[in-house]
Amino acid sequence: MSAYPEGPVPLLENLNPEQRAAVTLPHESALILAGAGSGKTRVLTTRIVWLIQTGQVSPHGILAVTFTNKAAKEMLTRISAMLPINTRGMWVGTFHGLSNRLLRTHWREAGLPQSFQILDSADQLSAIKRLMKSMNVDTEKYEPKKVQWFINGNKEAGRRARDAEAFDEYSMRLAELYEAYDAQCQREGVADFPELLLRSYELLYRNEPLRQHYRDRFKHILIDEFQDTNTLQYRWLKLFAGPHTALFAVGDDDQSIYAFRGADTANMAAFEREFAHGNVIKLEQNYRSHGHILTAANTLISQNAHRLGKNLWTAEGEGEPIRIFEAYSDQDEASFVVDEVKTLNREGVALSDMALLYRSNAQSRVLEHALFSAHVPYRVYGGLRFFERQEIKHALAYLRLLTHPEDDGAFLRVVNFPARGIGARTLEQLADHAVRAGGSLWQAACTGSGKVAGFARLVEEMKQATADLPLAEAIDHVIEASGLADYYRADKEGADRLENLNELVNAAALFADESEDNTLDAFLAHAALEAGEHQAGAGHDALQLMTVHAAKGLEFHTVFITGLEESLFPHEQSAHEENGLEEERRLMYVAITRARRRLYLSHAQSRMLHGQVRYGLPSRFLNELPEQVLLHLNRRAEPAYPSGVQQAAGHYGVAAPRSQGNDTGYKVGQSVAHAKFGTGIIIDFEGRGPDARVQVKFRDGGTKWLALAYAKLSPA
DNA sequence: GCGTGACATTTTTTT
DNA sequence: AATGTCACGC
C-alpha cells in the first residue's frame, strides 16, 4: 500500500463528530446504533475507504456483509467512487452471495458437487411437495408451506434435522421430513437459501485449517443492517471473526421489521456484550427529515418497550405539519392521493420523489386504478421479479439439465413443457424406475423408451449444440430448441413472455461480459441469488408505489402512508404474534421516517377487502402521534354508504346488505363513544324502535351488542 | 393427457 | 377481486 496523507484526511471533512468517531475507530469491535437518515451507509463505506487509505488494511482483508444485492452494489459503487484502486480483493456481498462464493471455492470440503444448483423459495417448495408425494404424506395434515417453514426456521437457527425440536408426533414427523428433504437435496445436488448459509457455517466450523485461513485473512468485518440478522447469520459472522478481527456492526433496532422471518434484535444486545464491550456509538442526527416528522416518529417509537434507546434530532426547522386525512372509502382515499400528488407535482415536486406506501400489496389495486384513470405515471415495486417468472424459470430449468441432469426438480419442470404428451402416469412409472435403479429421473429417462427417451434425446442434442457456444448464444439456442419460443409465439398472450426470454439472453450477455466466471453454472447461481430488479421504468418520472417493507432504506420528498386502519396497519395477524404489535409500530416508524418534507397519513372508513366491504377504525398509531404536529385536513361527520341501505357485519366488519332502515340516528360504520367501553364503530344493526340494538366493535378489540334504549352511546 | 370449472385462500420479503 | 390448486370429465 502506498503512502497516505498525514493530518486531516479530506474524506472525513463533512462528517459530524459521531460519524467521524465511528469511521476512525481503532482496530476493535464496535456497535453503531444508526438511526434512520443518520448517514449509516456513508459511515460504513467511508470507514472501509479510510481503513484502506490509511494503510491499516488491504482490500483483501475486508469482509463487508449486507442483506440485499442492492445494498451491496451501492456500497461497492460508493467505495470505488472514493477509492481509485480496484476493489476486487474485497469480499462485499450478501450473506447468501458470500456463502455461495465460499462453497463454490471449497465445494469438495463442503460435500457438494462442483456444479451444485441453488433453489429459490418456489423451487424449494416444489421440491418439498415432490418429496411429500413420494413419501405418501398427507398434505392436508402437513401443509407443504408449513413444512418449508419448519425446515427453514430450523436451518436459520442452525439446527439440522436431528437437532430440530421435536416433542410430539406432529413435530417429529416434520423433523423426519426435514431429514428426508435434506437427503433429497444432497442426492440431487441442490441447495436452498438457508442451506447456503448453514453449509458454509458447518464447513468453517468443522474445518479448522480453513477457518484459520479466513480468520487470518479478514482483519475487518463490517455488517450493514445488523438488526436483521438471524441466529445463523450471527453465528456465521462469529466463525469468521478471529481474535484479531474487528467487527463493525451498524444497525437500528427501531427499524427491525423482519422478525417474522427470523431476524432477532437480541443479536444486537448479544453483540454489544460479546464483541463491542460497551464500544457503542449512536448516530442520532438525522439529515433527512424536518422536525415535525421526526417528532412524530420519535413519539411513536417511544411507545415500544423493547428498545436500546435512541432519539433522533435534526438541525433543520420544524417544517410542515403532518397531514391526516380521513376518507369515506378506499376509493375516496385514492382520489384524495391523486389530487394531492397532482397538485404537488404542479408545484414542482418530481413524481419520483413522492412515494405511496401501504401495508400489504393487495391495497395497491385501488390506488393504481385511480392513478391510471387520472393519467398519473406510477411505478409499482415488488411483485414478481424477473427471474421468478415462469417462462424464465422454464428456460433456466432446461439450462440446469444441461449441466446437471440429476436435478429432478428441473427435469419435472420442463419434461412436459411445452406439452409432449408426457403425463402424470408416465412420470410415476419413470419415478418407479428411478427409485428401483437408485438413480435420478434423468438416468431412468435415458434408459427408457418412447416419449420420455425422446425428451432425453432432445436435451442431449441441446447439450451438444451449445457446448461450444458463448453463454448468451447457448441460452438463445435452448430457448428455440426446447420449443419454449414456439409455445409462447403461439400463445396470444405470450408476447411479454417472449420479450422476457429475449431479456434473459441479454442478461446472460451482460453477465458474461461483466463477470470473471462466465460459465453457465455461474450464471444460474447468479439468477437464483439475484432475482433481479423488476424491469424498466427507470428514467421516467413516476410516482413510487410500494409496501412499507419495500420502502426501507429509501427516502422521498413526500410520503403518503395509506390504509391506516386497525387490523390493516397494525395488521390483525400481528395481534397473534409475540411482540407483533411492536414490530408493526417499528414498521410505522420506518414508514414515517422515509419522508423528508411532507407526510400524509390517511385512513378510510370503509374498504374493499377480499371482495367484501369492511369497516375499520382509525389505526391506533394515529392516536400515538402528538397532536401538535398534526394537521387534520378534514373531519367528516357522515360515513359513506349508499343512503337507506343498511349493512350488517360479522365478527370483523364484513358487511352483508340488509334491507331494513332505521330511525335511530345511528348507522353502520359510524363511530360512537360509550362511557365504559370507549370509542368504537357500529358494525351491525338489528331491531327497530325501543328494541333496536347495535353491534359495536370497540377500539380495544372487543365487540358488543348494545341496546340503544339502555346504552348511553354518543356519536364520536 | 389435457383442458375446464369449482373451490379455497388471502401479511409483510430477501436470499 | 384475484389468483392458484385440484378434481373431474372428455
Side-chain angles (χ1 to χ4, degrees), chain A residues 65-72 93-100 118-126 129 139-140 143-145 149 152 155-156 191-198 200 224-225 228-230 232-233 256-263 330 357-366 368-369 381-385 387-388 390 415-428 451 525-533 546-553 563 567-577 580 583-584 586-588 590-591 607-614:
Chain A
V65 196
T66 63
F67 275 82
T68 65
N69 291 303
K70 202 173 138 205
T94 63
F95 278 103
H96 295 86
L98 295 170
S99 293
N100 179 51
I118 300 169
L119 300 183
D120 68 18
S121 309
D123 295 335
Q124 184 189 28
L125 187 60
S126 58
K129 284 181 183 162
T139 48
E140 301 273 285
E143 291 168 49
K145 275 247 175 65
W149 198 73
N152 289 351
K155 286 190 179 182
E156 275 157 11
D192 55 51
F193 285 135
E195 181 71 23
L196 293 175
L197 270 141
L198 185 52
S200 52
D224 192 15
E225 307 274 14
D228 287 336
T229 51
N230 61 36
L232 179 58
Q233 286 159 340
S256 161
I257 54 175
Y258 287 114
F260 72 91
R261 62 171 202 226
D330 45 358
L357 309 183
Y358 33 82
R359 176 65 178 82
S360 61
N361 279 312
Q363 288 164 250
S364 76
R365 195 178 311 280
V366 181
E368 283 185 69
H369 184 78
Y381 284 78
L384 211 50
R385 275 176 291 271
F387 285 109
E388 287 169 356
Q390 65 147 344
V415 65
N416 198 34
F417 192 95
R420 303 188 170 86
I422 302 172
R425 201 63 231 282
T426 317
L427 288 175
E428 255 171 55
K451 289 171 177 169
H526 166 80
L529 285 172
E530 199 167 334
E533 270 297 279
M546 64 194 89
T547 63
V548 180
H549 281 90
K552 192 167 129 181
S567 83
L568 198 59
F569 197 179
H571 199 277
E572 63 178 328
Q573 204 74 31
S574 69
H576 312 274
E577 286 158 20
E583 174 138 326
E584 294 286 313
R586 290 193 294 270
L587 201 48
M588 182 67 183
V590 168
R607 179 177 300 277
M608 196 70 156
L609 212 58
H610 310 322
Q612 285 179 305
V613 178
R614 289 171 171 231

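Please read all numbers here as calculations on a predicted model, not as lab measurements. Numbered from 1 within each chain, the chains take letters A, B, ... in sequence-line order.
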With B for base contact, S for sugar-phosphate-only contact and - for none (protein heavy atoms under 4.0 Å), nucleotides 5-15 of chain B reads -----BBBBBB
Readout for nucleotides 4-10 of chain C: B = base within 4.0 Å of protein heavy atom, S = sugar-phosphate only, - = neither; 5' to 3' it is -S-----
For the residue pair His526(A) and Phe387(A), categorise the inter-ring angle as parallel (less than 30°), tilted (30 to 60°) or perpendicular (more than 60°).
perpendicular
Can you list everything that forms a side chain to side chain donor-acceptor pair (under 3.5 Å) with [X]? Sequence neighbours excluded, please.
X: Asn69(A); result: none
X: Glu156(A); result: none
X: Asn361(A); result: none

Value rounded to 0.5 Å, distance of CG in Asn230(A) from CG in Leu197(A)
7.0 Å
So CG of Asp228(A) and CD1 of Ile257(A): to nearest 0.5 Å the spacing works out to 7.0 Å
Test of understanding: with side-chain contact (heavy atoms from CB on, under 4.5 Å), list the residues that count as partners of Met546(A), not counting sequence neighbours.
Leu357(A), Tyr381(A), Gln544(A), Ala550(A), Ala551(A), Leu554(A), Phe556(A)
Between Arg586(A) and Glu583(A), does the salt bridge (charged side-chain N to carboxylate O under 4.0 Å, His left out) criterion hold? Intermediate values first, please.
CA-CA 5 Å; Arg586(A) 290 193 294 270; Glu583(A) 174 138 326; 3.2 Å; yes
When all nucleic acid strands are considered with a 4.0 Å heavy-atom cut-off, which category describes Asn416(A): base, sugar-phosphate, or nothing?
sugar-phosphate
Nucleotide dA1(C), atom C1' - distance to CD of Gln363(A) in whole Å:
14 Å
